[in-house]
Amino acid sequence: MYKLEKLKKENFEQVWSIMESSFPIDERRTRENQEMIIDNPHYFLYGCRKDAEIMAFFAVWKLESLAFVEHFAVDERFRNGGIGAGLLQELLQVLDVPVVLEVEFPKTELQQRRIRFYERNGFVLNPYDDYVQPALSDAGKALPLMIMTYPKDVSREQYEQIRDTLYREVYHVNGKCAGIE
């Protein structure tokens, strides 16, 4: 069994390598912007290692009343071995607050599998379809996504509070996502 640990700034190179190979440009910041947010007091990296090599990581924003898992990836060499579910359960215990994450609409088999993975681990896909992740870089574009929450679903009012908190605290936009109506 692998152990989740809080990662440090010196682990960024390995985390970035996994992030870059796991997420398309629309779903990640530029390297420079990603490196800059490491110093944000609300942003944390968690991961697990095999010897000195990082196998998986979580990028988490700990906000006032919730935790937002912005990125979660397992290095492709270690996927499909079951470590993701175990690490996710460990992270949920560490965070000990309601947890939020974004997922793509369940249109493809891969997108549906991702959602089922999170559902097996206690997350609920909320039915609200007006959430948009703002563009994370000049080269990226805004993405329509859905919100999953742990340990239970949220009301429309709670969802709007979550959305507004993410826009304000993580993405630094106000109200509805700029450029998307």
Taking only residues two or more places apart in sequence, or in another chain, which ones meet Lys141 in a salt bridge (charged side-chain N to carboxylate O under 4.0 Å, His left out)?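 For Lys141, the residues satisfying salt bridge (charged side-chain N to carboxylate O under 4.0 Å, His left out) (neighbours in sequence not counted) are Asp26.
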Partners passing salt bridge (charged side-chain N to carboxylate O under 4.0 Å, His left out) against Glu160 (at least two apart in sequence or in another chain):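 Partners of Glu160 under the salt bridge (charged side-chain N to carboxylate O under 4.0 Å, His left out) test: Arg156.
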Among Phe23, Phe57, Phe58, Phe123, which one satisfies ring pair (Phe, Tyr, Trp, His ring centres under 6.0 Å) with Phe72?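 Exactly one candidate clears the test, Phe58.
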Please report, to 0.1 Å, the donor-acceptor pairs under 3.5 Å made by any side chain of residues 59-66, with sequence neighbours excluded.
residue	atom	partner	partner atom	Å
Trp61	NE1	Glu70	OE1	3.0
Lys62	NZ	Tyr46	OH	2.7

Nearest 0.5 Å, please: how far is CD in Gln133 from CD1 in Ile147?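 Separation between the atoms: 9.5 Å.
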Can you find a heavy atom in the side chain of [X] that is under 4.5 Å from one in the side chain of [Y]?
| X | Y | result |
| --- | --- | --- |
| Phe105 | Asp129 | yes |
| Asn126 | Gln158 | no |
| Tyr43 | Val170 | no |
| Arg79 | Glu76 | yes |
| Met146 | Gln111 | no |

Kindly assign one of parallel, tilted or perpendicular to the pair Tyr131 and Tyr167, based on the angle between their ring planes and the thresholds 30° and 60°.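 The arrangement is parallel - the two ring planes meet at less than 30°.
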Please lay out, stage by stage, how Tyr159 and Thr149 fare under the test side-chain contact (heavy atoms from CB on, under 4.5 Å). CA-CA 9 Å; Tyr159 157 77; Thr149 51; over 6 Å; no
